[in-house]
Amino acid sequence: MAEISEESPTVVNDDDTIDKERREKELEAWLPITSSRNAKWWYSAFHNVTAIVGAGVLSLPYAMAQLGWVPGTGFLVLSWIVTLYTLWQMVEMHELVPGKRFDRYHELCQHAFGEKLGLYIVVPQQLIVQVGSNIIFMVTGGKSLQKVYNTLCTSSGCKDIRLTYWIMIFAAPHFFISQLPNFNSIWIISLAAAAMSLSYSTIAWTTSLHKGIQPDVHYGPKSSTTPGMVFDFLSALGNVATAYAGHNVVLEIQATIPSTPEMPSKKPMWKGVLLAYFIVAGCFFPVAMIGYKIFGNNVQDNILISLEKPAWLIAAANIFVFVHVIGSYQVQFINKL
């Protein structure tokens with residue numbers, strides 16, 4: 001009868017276990033954007049809302065007036081679909097290489113085009129976009145504060161304060177907020193900014209709806225000349241494209257989410273992105289269509305300018321814009337340094 005031998009128990013090397021745990025801790029600790037990877041899926045939702053839904057939503061009725069009903073609605077829907085698809089591509093490419101996370105755009109570009117060529121391609125474009133957007137955000141924040149002041153201060157004793165000073169007031173909080181240690185530490189600011197964007201968008205279309213269609217409303221072309229119509233068309237496309245901005249921080253947002261082979265970060269990230277894009281649609285489409293329906297071609301390039309009353313509500317909407325721009329500025333710029 002054959003002798004039955006027992007299998008010897010597997011011996012685990014304590015040094016290998018310790019070394020593995022050390023490497024895992026080092027991997028989790030290393031991250032250029034933030035010192036932690038413990039963000040939840042809904043963090044990506046309000047971070048994306050903060051990044052995408054900016055003051056540009058208030059110019060969408062004006063873009064509709066430049067394009068008309070059919071082209072305007074078509075471009076809004078097409079932009080929503082295209083940007084959602086391209087954002088999905090970024091989410092998928094974040095962990096394109098097993099064991100590596102592309103936490104910044106230049107890292108992904110370097111992987112695609114090489115160490116030097118990748119930097120030459122992406123860095124100049126990033127600088128142009130970031131500097132230009134930086135200026136827009138600061139001017140928008142300053143103008144929002146100026147609009148609040150001009151709306152509420154109507155007495156003869158009110159002094160005219162230059163926009164430069166309002167921009168400096170907008171910049172002041174960033175000296176303190178930018179000292180926060182990492183991306184996750186501004187989640188409350190980002191959440192507040194997302195809530196503000198939803199609030200002023202809602203104020204814009206509900207107040208327009210309450211105001212009712214204006215007696216002199218007209219939906220024909222804004223310009224009567226061919227060059228004018230071409231310029232309006234291109235300008236409107238630029239406004240729509242600017243309104244859907246926000247892809248420049250997708251990789252950084254996903255970098256804050258934990259990732260394992262069983263649950264890669266792209267799954268919770270995509271879940272948050274879908275929620276964010278439904279919120280984006282809830283902000284963009286009512287403002288654009290209702291604003292254009294109410295004011296037609298007479299709508300201003302900022303829908304809040306067309307809505308002069310009630311003064312307290314318009315002032316509140318501009319305060320919401322100011323708070324949102326503070327959070328969006330942090331999400332889009334400070335964390336890319």
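All of these numbers come straight from a predicted model, not from anything done at the bench. We're numbering straight along the sequence, starting at 1.
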*For residues His324 and Val49, report the shortest heavy-atom separation together with the two atoms involved.*
NE2-O, 4.4 Å

*asked:* In the structure I gave you, are the side-chain heavy atoms of Lys267 and Lys271 within less than 4.5 Å of one another anywhere?
replied: no

*asked:* side chain to side chain contact (heavy atoms under 4.5 Å, CB included), that's the test. Do Thr140 and Phe322 meet it? Break it down for me.
replied: CA-CA 8 Å; Thr140 301; Phe322 170 74; over 6 Å; no

*Crowded around Lys211 NZ? As in, over 12 foreign heavy atoms under 6.0 Å?*
yes

*Identify the heavy atoms of Pro264 and Pro268 that sit nearest to each other, and give their distance.*
O-CD, 3.2 Å

*Sidechain-backbone polar pair: Ser197 side chain, Ala194 backbone, donor-acceptor under 3.5 Å*: yes

*Assert yes or no for the condition that the ring centre distance of Trp80 to Tyr277 is strictly below 6.0 Å.*
yes

*Report, as yes or no, whether the 6.0 Å neighbourhood of atom NZ on Lys143 holds more than 12 heavy atoms from other residues, nucleotides or ligands.*
no

*For Gln89, what residues pass the side-chain hydrogen bond (donor to acceptor under 3.5 Å, both in side chains) criterion, not counting sequence neighbours?*
Tyr85

*Atom CD1 of Ile81 and atom OG1 of Thr86: how far apart are they, to the nearest 0.5 Å?*
12.0 Å

*How about Val249 and His47: do any of their side-chain heavy atoms sit closer than 4.5 Å?*
no

_Test side chain to side chain contact (heavy atoms under 4.5 Å, CB included) applied to His94 and Met269, step by step_ = CA-CA 10 Å; His94 184 263; Met269 178 67 181; over 6 Å; no

*Mark yes when over 12 heavy atoms from residues, nucleotides or ligands other than Asp216 sit less than 6.0 Å from its CG; otherwise mark no.*
yes

_Under a 3.5 Å distance rule, please check whether Tyr244 uses its side chain to pair with a backbone N or O of Leu76 as donor and acceptor._
yes

*Does Lys293 reach the side chain of Ser208, with side-chain heavy atoms less than 4.5 Å apart?*
no

_Atom pair CD1/NE2 of Ile290 and His210 - distance to nearest 0.5 Å_ = 14.0 Å

*Could you tell me whether Lys266 and Glu92 make a salt bridge, using a distance below 4.0 angstrom between a side-chain N and a carboxylate O?*
yes

_For the student: nearest non-hydrogen atoms of Ala65 and Gly296, plus distance_ = CB-O, 3.9 Å

*Tell me, with the steps shown, if Glu95 and Ser265 meet side chain to side chain donor-acceptor pair (under 3.5 Å).*
CA-CA 8 Å; Glu95 295 175 4; Ser265 63; 2.6 Å; yes

_Same apolar cluster: Phe75 and Val77, side chain cutoff 4.5 Å_ = no

*Starting at CG of Leu237, measure out to OG1 of Thr242 and round the result to the nearest 0.5 Å.*
10.5 Å

*So do the side chains of Phe284 and Val53 get within less than 4.5 Å of each other, counting heavy atoms only?*
yes

_Distance-minimising heavy-atom pair for Ala63 and Val240_ = CB-CG2, 4.2 Å

*Would you say the side chain of Leu198 lies within less than 4.5 Å of the side chain of Cys283, judging by non-hydrogen atoms?*
yes

_Taking Ile203's backbone N and O only, do any of them form a donor-acceptor pair with Thr207's side chain (distance below 3.5 Å, no angle check)?_
yes

*asked:* If you apply the rule side chain to side chain contact (heavy atoms under 4.5 Å, CB included), what do you find for Phe170 with Ile326, and how did you get there?
replied: CA-CA 8 Å; Phe170 167 78; Ile326 287 180; 3.7 Å; yes

*According to a 4.5 Å side-chain heavy-atom criterion applied to Ile, Leu, Val, Met, Phe, Trp and Tyr, with indirect links allowed, do Ile135 and Leu58 form part of one hydrophobic cluster?*
yes

_Parallel, tilted or perpendicular: which one describes the rings of His111 and Phe102, with boundaries at 30° and 60°?_
tilted

_To check you understand the geometry: which heavy-atom pair defines the closest contact between Gly212 and Ile294, and what is its length?_
O-CG2, 3.0 Å

*Once you round to the nearest 0.5 Å, how far does OG1 of Thr50 lie from CG of Leu191?*
7.5 Å

_Hydrophobic clusters here meaning ILVMFWY residues chained together by side-chain heavy-atom distances under 4.5 Å, can you tell me if Phe46 and Ile188 are in one?_
yes

*Specify the closest pair of heavy atoms between Val122 and Cys109, including all atoms of both residues, with the distance to one decimal.*
CB-SG, 3.8 Å

*Does the Arg101 side chain pair with the main chain of Gln254, one donor and one acceptor, at a distance under 3.5 Å?*
yes

*Looking at side-chain heavy atoms only, is the closest gap between Met289 and Leu60 below 4.5 Å?*
no

_Tell me if a side-chain donor or acceptor on Glu107 pairs with a main-chain N or O of Asp103 at a distance below 3.5 Å._
yes

*Do Phe278 and Val250 share a hydrophobic cluster, counting only Ile, Leu, Val, Met, Phe, Trp and Tyr and linking them when any side-chain heavy atoms are less than 4.5 Å apart?*
no

*Just how far is it from atom CG of Leu234 to atom CG of Leu67, taken to the nearest 0.5 Å?*
10.0 Å

_In the structure I gave you, are the side-chain heavy atoms of Val325 and Ser144 within less than 4.5 Å of one another anywhere?_
no

*Exam field: side chain Ser44 to backbone Trp41, donor-acceptor pair closer than 3.5 Å*: yes

*For Ile161, does its backbone N or O pair with a side-chain atom of Gln146 as donor and acceptor, under 3.5 Å?*
yes

_Please determine whether the number of non-hydrogen atoms from other residues, nucleotides or ligands lying under 6.0 Å from atom OH of Tyr219 exceeds 12._
yes

*What is the distance from atom OG of Ser79 to atom CG of Leu84, rounded to the nearest 0.5 Å?*
12.0 Å

*asked:* Could you tell me if the side chain of His218 sits less than 4.5 Å from the side chain of Asn298, heavy atoms only?
replied: no

*Any link between Ile121 and Leu108 through a network of hydrophobic side chains (Ile, Leu, Val, Met, Phe, Trp, Tyr) touching at under 4.5 Å?*
no

*Applying side chain to side chain contact (heavy atoms under 4.5 Å, CB included), run through Tyr292 and Tyr62 and close with a yes or a no.*
CA-CA 7 Å; Tyr292 180 45; Tyr62 188 77; over 6 Å; no

